[in-house]
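Computed over heavy atoms, backbone and side chain alike; hydrogens, waters and symmetry mates excluded. Owing to the predicted nature of the structure, the values given are computational and were not obtained by experimental measurement.
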Amino acid sequence: MVKVNQIGYPSDAPKVAVLTDGQNPFYICCDQSGTVVFEGKPKQPIKDQASGELVFHGDFSSLTTEGSYYIKQGTSQSAPFQITRFPYQAVHLSVLKAFYYLRCGMALSPPYAETQWVHKACHTQVAIDYESKQQIKCQGGWHDAGDYGKYTVAAAKALADLLLAFELKPATFQATTPIPETDGVMPDLLHECQYELNWLLKMQNKGSGGVYHKVTTLAFPAMIMPEDDVEPLYVLPISTTATAAFTAIMAQAYRILLNYQPDSAKNYLTAAKQAWAFLMKHPEPILFVNPNDVLTGEYGDNCDRDERYWAAGELYRATGDGQYVAAFKVQSDHKFDHYALGWANMGGYGTISYLLNQAVPTEDALGQLLRAGWLNEAQRLLKVAATTGYRVSLEVADYHWGSNMTLMNAATHLLIAYHLTGEQCYREQALEHVHYLLGRNMHNLSYVSGIGAQSVSQQHYRPSAALPAGSDPVPGLVSGGPNQQLQDEVSRRQLAGKPPQACFIDHEASYATNEVTIYWNSPVVLVLSFFS
Ligand code: G3I
Ligand code: 9MR
């Protein structure tokens, strides 16, 4: 088998295919004529612990001529791929456009949605406060994932990636997606983020400033369209993880949107400060646990220190107010992962807010400590990748629920290291993670729907699953990826005993390997913005 990035390789970047045949030479052929333009020998046999395979690398980095190619080796032939300066622009647009398809509370319609994927608005835009039984307006925002719930901490991670992408690579967001708000002034990415931000504002209790943890039905619905989900919606209680993550993202949004929509931006900062005031009144964590009669996603988290750290860092960066840097330093002394970019462990976003803050002097001791820590972790990621046949920074234990998020978070980490140092090794290694996501993996499969010659097509995503049999899936959605914990019925039945990277199945019911979420798409938007 010959595994390649099914979209392609940037002309000036290293180009490696992963081969399972170590004997035969491999040939790069022009896709149109079949002419052989490059011959190479398999190198560097590596026993890949995660896939259980002995694989070899087919290096064709010296081929820089732009064109469409495929690789032949023995009787195997790869999927076609491009060599060109910016091969991922269409993918970048597609994984960003997916957020429009994920919108809640509005009917999707042409020309923004292709006819085959339109659906009506969700059945209800009002929820019941689980505790007070009062009604709460909750229209808008993105559906979390394959389900129709909306969860604050998940939203915060997704928005953090998208807003950071714009901050670091604004030039890659000039093309329109297009969406109803396209106005040729503010980039569509920011309009799309505002659709989520304006829903998030409704999750804040205006009296206390605290932020509700989620809004969902009591149980997951069947695999139906949003308009057919007629069960009542409930807003679940305030948590300090949600409140702190909300504080951070609203402060970040203030900064990024101030030049485009000053009034909205100032509203976000006001909301952030009100949420911060709630946190100051509640120094002890208020952690969310699903009540017994609530069976939807919990996004449980036993520590809110990382979220408080991030909140302080973003408020400091947004306002320069010394109270926040003091709070940031207090939180930074606590024991949590200062470099993680997950929905539970969010410390890395706090560290980024400090490292990119121009108000922090280069000789600042905490800044130097965090920078050194960031680069140490980047070096670790490089070392892990060098031991794997598929050239990614995933250790065997990393193949758990949402392993493609871990993959793209690693790429994000490397790209921040590149941003901090300018060292190409970090950027090149991040690119290897894109190759895995887009086909250079043991499944020879692109994990992004509609992207690549062989891509996932049976995702656990209700608006795709509810389409007529044989329909193309909603495009641009990133599957969670291999998960060795076998946490759904299909995985347990069909993947038992397989190596970690093999524990993926493109099956609609495999939510533990093949669901989609906003925070698996968001790091892909961020990473691809460095290569577009
Ligand atoms: O991080 C640990 C790892 O250290 C350990 O080695 C491994 C094996 O024990 O477990 C890892 O934790 C896993 C965690 O995801 C990793 O983020 C847990 O087992 C796993 O249960 C957990 O799954 C979460 C899943 O909900 C179930 O709670 C996913 O992260 C999370 O993305 C997913 O989120 C769901 C929402 O609840 C509902 N909407 C869809 C969304 C995506 O599936
Ligand atoms: O669709 C739900 C998905 O969003 C969740 O990640 C997953 C795990 O919490 O649960 C899915 O819902 C399934 C439920 O857990 C069990 N009955 C079948 C539901 C649809 O697959």
Side-chain angles (χ1 to χ4, degrees), residues 3-5 7-18 40 43-46 48-50 55-64 81 83-88 91-92 161 164-165 167-169 171-172 337-341 348 351-352 355-356 362 367-395 398 403-441 523-532:
K3 287 67 174 293
V4 297
N5 178 325
I7 299 305
Y9 298 78
S11 322
D12 61 351
K15 305 171 194 73
V16 174
V18 173
K43 290 181 188 154
Q44 202 172 343
I46 293 187
D48 187 281
Q49 298 305 317
V55 296
F56 305 81
H57 292 156
D59 191 329
F60 57 100
S61 302
S62 58
L63 178 60
T64 57
F81 61 90
I83 293 179
T84 182
R85 189 151 178 246
F86 297 115
Y88 312 124
V91 187
H92 190 229
D161 293 335
L164 183 58
E167 179 180 352
L168 296 177
K169 295 293 178 185
T172 64
D337 185 337
H338 290 59
Y339 308 104
L341 300 169
T351 298
I352 290 171
L355 291 178
L356 300 189
T362 44
Q368 290 180 340
L369 186 70
L370 292 171
R371 177 188 167 94
W374 195 275
L375 298 182
N376 285 343
E377 172 60 9
Q379 284 295 319
R380 185 191 72 82
L381 293 172
L382 292 181
K383 290 189 178 77
V384 170
T387 66
T388 68
Y390 284 94
R391 302 165 65 90
V392 290
S393 309
L394 292 182
E395 297 189 291
D398 290 323
S403 59
N404 282 341
M405 178 186 85
T406 307
L407 174 89
M408 298 318 286
N409 282 352
T412 299
H413 192 102
L414 290 160
L415 289 168
I416 297 296
Y418 167 67
H419 181 78
L420 293 172
T421 64
E423 291 179 26
Q424 280 298 332
C425 63
Y426 297 125
R427 185 173 182 274
E428 288 178 0
Q429 182 52 49
L431 182 59
E432 299 293 334
H433 292 73
V434 175
H435 299 333
Y436 171 99
L437 188 79
L438 298 182
R440 200 184 67 189
N441 53 64
V524 179
V525 173
L526 172 53
V527 169
L528 292 184
S529 65
F530 276 75
F531 302 99
S532 297

Reported CG-to-NE2 distance for the pair L438 and H433, which is rounded to 0.5 angstrom: 13.0 Å
Do any N or O atoms from the side chain of K15 and from the backbone of L63 form a donor-acceptor pair under 3.5 angstrom? yes
Side-chain contact test, heavy atoms from C-beta onward, threshold under 4.5 Å: evaluate it for R380 versus E395 and give yes or no. yes
Are side-chain heavy atoms of L414 and R427 found at a separation under 4.5 Å? no
When you look at F530 and L168, which way does the side chain to side chain contact (heavy atoms under 4.5 Å, CB included) test go after all the steps? CA-CA 9 Å; F530 276 75; L168 296 177; 3.9 Å; yes
Is the closest side-chain heavy-atom distance between T412 and V527 below 4.5 Å? yes
So do Y9 and V16 actually touch side chain to side chain, heavy atoms under 4.5 Å? no
Spacing of I83 atom CD1 and T64 atom OG1 [to the nearest 0.5 Å]: 7.5 Å
Determine whether a donor-acceptor pair (N or O, by modelled atom type, separation under 3.5 Å) exists between the side chain of H413 and the backbone of W374. yes
Report the C-alpha separation of T351 and I416 in whole Å, then their side-chain angles, then the decisive distance to 0.1 Å, and conclude whether the side chain to side chain contact (heavy atoms under 4.5 Å, CB included) test is met. CA-CA 11 Å; T351 298; I416 297 296; over 6 Å; no
Determine whether T172 and F86 make a side-chain contact, defined as any pair of heavy atoms from C-beta on separated by less than 4.5 Å. no
Heavy-atom pair of closest approach, residues R85 and S11: N-OG, 3.1 Å
Do the side chain of N409 and the main chain of L341 share a donor and acceptor less than 3.5 angstrom apart? yes
What I want to find out is whether E428 reaches R391 closely enough, with some N-O distance under 4.0 Å, to be called a salt bridge. no
Quick one: are L356 and H419 in side-chain contact, heavy atoms under 4.5 Å? yes
Would you call the rings of Y88 and F531 parallel, tilted or perpendicular, taking 30° and 60° as the class edges? perpendicular
With L437, which of V91, L407, V392, I7 fulfils side-chain contact (heavy atoms from CB on, under 4.5 Å)? L407
Straight-line distance of K43 NZ to H57 NE2, nearest 0.5 Å: 11.5 Å
What distance separates E377 CD from D337 CG, expressed to the nearest 0.5 Å? 7.5 Å
Please confirm whether the backbone N or O of Y390 pairs with a side-chain atom of D48, one donor and one acceptor, at under 3.5 Å? yes
Any F81 side-chain heavy atom under 4.5 Å of N5 side chain: no
Do you know the tightest heavy-atom contact between A13 and L431? CB-CD2, 3.5 Å
Working to the nearest 0.5 angstrom, can you tell me the gap between L375 CG and L370 CG? 11.0 Å
Heavy-atom nearest pair, S61 first then P14, reads OG-CA, 3.3 Å
Keeping N441 on the side-chain end and Y436 on the backbone end, is there a donor-acceptor pair under 3.5 Å? yes
What closest approach, in Å, do A17 and V4 show between heavy atoms, and which atom pair accounts for it? CB-CG1, 3.9 Å
Flag, side chain of Q49 to backbone of T388, donor-acceptor distance under 3.5 Å: no
Would you compute the distance between atom CG of L415 and atom CE of M408 and round it to the nearest 0.5 angstrom? 8.5 Å
Can you check whether V525's main-chain N or O pairs, donor with acceptor, with H92's side chain at less than 3.5 Å? yes
Return the set of residues passing side-chain hydrogen bond (donor to acceptor under 3.5 Å, both in side chains) with Q379 (not counting sequence neighbours), or none when no residue passes. Y426
With a 4.5 Å heavy-atom cut-off, do L528 and V434 have their side chains touching? yes
Specify the closest pair of heavy atoms between P10 and P87, including all atoms of both residues, with the distance to one decimal. N-CG, 3.7 Å
